[in-house]
There are 2 protein chains.
Amino acid sequence: MTPQDQPATGKGAETRARILETSLRLFRERGYDATTMRLIAAEAGVSVGNAYYYFKSKETLIQAFYLRTHEEHLVACVEVLASEEGFEHRLLGVMDAKLRTIEPYHRFSGILFKTAADPESALNPFSAESLPTRRESTALFARVIEGTELKVSSDLWAELPNLLWIYHMGVVLFWIHDRSEGRRRTHRLVEHTVPLISRVVRLGSLPLLRSLTRRSTAFLRELRDEIELPEASDAS
Amino acid sequence: MTPQDQPATGKGAETRARILETSLRLFRERGYDATTMRLIAAEAGVSVGNAYYYFKSKETLIQAFYLRTHEEHLVACVEVLASEEGFEHRLLGVMDAKLRTIEPYHRFSGILFKTAADPESALNPFSAESLPTRRESTALFARVIEGTELKVSSDLWAELPNLLWIYHMGVVLFWIHDRSEGRRRTHRLVEHTVPLISRVVRLGSLPLLRSLTRRSTAFLRELRDEIELPEASDAS
DNA sequence: GTCTATAACCGGATAGAC
DNA sequence: GTCTATCCGGTTATAGAC
């Protein structure tokens, strides 16, 4: 139906790609607000109406950006995940890869979180529409803990990928607001919090903390089920 | 100079108030987007240009909303903070008061926090412009721990208000995305996490976790200083 | 110097012709 | 699938009234 999702392989696919590339370049170069739809259209050599034929709104272009950086992140993680074995090194590597992947877009990141914070927007990472992407992203963190020496209880093991995904969202939030040169503060944050997480996770297995861990994971699981199941409200 | 901050006590003060009340009412009734500046002006019985004379942008109206709910929250906390003595009860009371205060605005909270999330915006809670409000809000959490039986090391004690403020921001973020009836999920989240925080804080004093706590609080303090000092960059 | 009103401008989005 | 013309709403310029 709409040519707005999978460009498939028609003639217009090339036009679509041209508009997308142009807009991402302009976002990088001039930021989001300064990049008007009229400018994107002009630079891509199409009319405004035509740009809207392929992307139903300016925001939609952001979604394309998300997808792209996510894919780039996956690629950037391949090496660490293949070579490193320790939990800390793997997590650190994945987080570093993330920061490196999104850095070129820092200037335009403001708008990202802005739209991401809107509960109405399909772009927000907690929305039902984002579930597939979220699952994929969480799967990455599952790979971080798979095949490591990490010894944790099975209930924590099941929730850990989600917890790490949330942690990673928090880091991105910090990054967005980070005005230090080269995002120095965010890098320090990661370097400091990754070992912290590692230690806390290991501590969670101690008998002393067993009941606390168990209750927390149970609650987490319940919340997650409730949210991921498409509004299976009270009455059937 | 600008009549946009303190209305003082002139004749225009009444006009300003009328515009503000009208817009807040319309936001509640029709949502943010459906409330145009032209409509606000018409309903308030002024011209569009006049509305802009008192509020430099539509966003500014949101700032007024913030201020109002913050003040309402303070009032709503007076009782718990005066009567309760235990840390858990005090924190729970303050969080409950928060949720109760903002609940009437849940419908259009998305847009509110959307603009607040923009790093460029003076409205965002992490901005330099928000420092005074942030300090005030953090002070509220300092009052939560003051005069309780809570026994924690002095370094953690110093950082705890900030940590609780961040926790409270996270809860609000969850609340924004909470579509359950009566915000049931958020309430459960608070009920579950408050005791968890209490337990973790107490555990932090154990010898086993002493070094972990010390290193974390040191890092937190450093980060906070760096952020709160107005960009005291490398070179003087 | 305080306040008000009208007429634009600008950019996101849409309608409808080709 | 592509274009032109147009709408709509936030915002600003400007001219002036009290």
Side-chain angles (χ1 to χ4, degrees), chain A residues 1-20 22-23 26-27 30-65 108 110-111 114-115 118 120-123, chain B residues 1-20 22-23 26-27 30-65 108 111-112 114-115 118 120-123:
Chain A
M1 292 277 142
T2 52
Q4 307 192 350
D5 293 314
Q6 294 307 45
T9 166
K11 33 192 168 175
E14 204 236 311
T15 309
R16 194 195 131 96
R18 193 148 30 89
I19 295 169
L20 178 56
T22 305
S23 62
L26 289 172
F27 287 159
R30 331 166 41 114
Y32 186 78
D33 283 341
T35 302
T36 68
M37 288 301 280
R38 282 162 177 89
L39 179 62
I40 293 173
E43 293 258 320
V46 297
S47 68
V48 185
N50 198 207
Y52 275 97
Y53 175 75
Y54 288 104
F55 299 91
K56 100 172 192 302
S57 73
K58 196 179 175 186
E59 250 191 23
T60 311
L61 290 165
I62 294 175
Q63 207 155 23
F65 159 82
F108 128 88
I111 241 62
K114 200 169 152 168
T115 67
D118 182 1
E120 308 295 336
S121 169
L123 287 183
Chain B
M1 292 272 143
T2 53
Q4 307 192 352
D5 293 314
Q6 296 305 45
T9 168
K11 32 194 168 175
E14 204 237 311
T15 307
R16 193 196 132 97
R18 191 148 31 89
I19 295 169
L20 178 56
T22 304
S23 62
L26 289 172
F27 287 160
R30 328 166 44 115
Y32 186 77
D33 283 341
T35 303
T36 69
M37 287 301 280
R38 283 164 176 89
L39 179 61
I40 293 173
E43 293 260 319
V46 298
S47 68
V48 183
N50 197 209
Y52 275 95
Y53 176 75
Y54 289 104
F55 299 92
K56 97 172 194 302
S57 74
K58 198 179 174 184
E59 252 190 24
T60 312
L61 262 357
I62 294 174
Q63 208 156 24
F65 159 82
F108 68 108
I111 295 91
L112 297 182
K114 184 170 162 174
T115 67
D118 182 358
E120 308 294 335
S121 168
L123 288 183

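Here is the naming used below: chain letters follow the sequence lines, and residue numbers restart at 1 for every chain.
Nucleotide C/dT14 holds its C1' atom 18 Å from the CZ atom of A/F55, rounded to whole Å. Taking atom OH of A/Y32 as the reference point, atom C1' of C/dG11 lies 12 Å away to the nearest angstrom. The CD1-P distance, from A/I40 to C/dC10, rounds to 18 Å in whole Å. The CZ atom of B/R18 sits 13 Å away from the P atom of C/dC3 (whole-angstrom rounding). The separation between B/L39 atom CG and D/dG9 atom P is 10 Å, rounded to whole Å. Note: NZ (B/K56) to C1' (D/dG10) measures 13 Å, nearest angstrom. B/I19 has its CD1 atom 11 Å from the P atom of C/dC3, to the nearest Å. Between the NZ atom of A/K58 and the P atom of C/dC10 there is a distance of 16 Å, given to the nearest Å.
In this model, the phosphate group of D/dT2 is not approached by any side-chain N or O of A/Y53 to a distance below 4.0 Å at OP1 or OP2. Phosphate contact (OP1/OP2 of D/dT2, side-chain N/O of A/Y52, threshold under 4.0 Å): absent. Side-chain nitrogen and oxygen atoms of B/T15 include none within less than 4.0 Å of the OP1 or OP2 phosphate oxygen of C/dC3.
Remark: A/Y54 OH to A/T15 OG1 distance equals 4.0 Å, nearest 0.5 Å. Taking CG of A/L39 as the reference point, atom CZ of A/R30 lies at 5.0 Å (rounded to 0.5 Å).
Set against D/dG10, C/dT4, D/dC3, the side chain of B/S47 has C/dT4 as its closest nucleotide. The nucleotide whose nearest atom lies closest to any side-chain atom of B/M37 is, among C/dT4, D/dG10, C/dA13, D/dG10. Of the candidates C/dA13, C/dC3, D/dG1, the closest approach to any side-chain atom of B/Y54 belongs to C/dC3.
Among the heavy atoms of the strands lying under 4.0 Å from A/V46 are primed sugar atoms or P, OP1, OP2 only; no base atom is included.
Proximity of the aromatic rings of A/F65 and A/F108 is defined here by a centroid distance below 6.0 angstrom, and this criterion is met.
Closest-nucleotide positions on DNA chain D for A/N50 and A/R38 were compared, and the one nearer the 5' end corresponds to A/N50.
Among all heavy-atom pairs drawn from B/M37 and B/L61, the shortest one is SD-CD2, 4.3 Å. Considering every non-hydrogen atom in both B/I40 and B/T22, the closest pair reads O-CG2, 3.9 Å.
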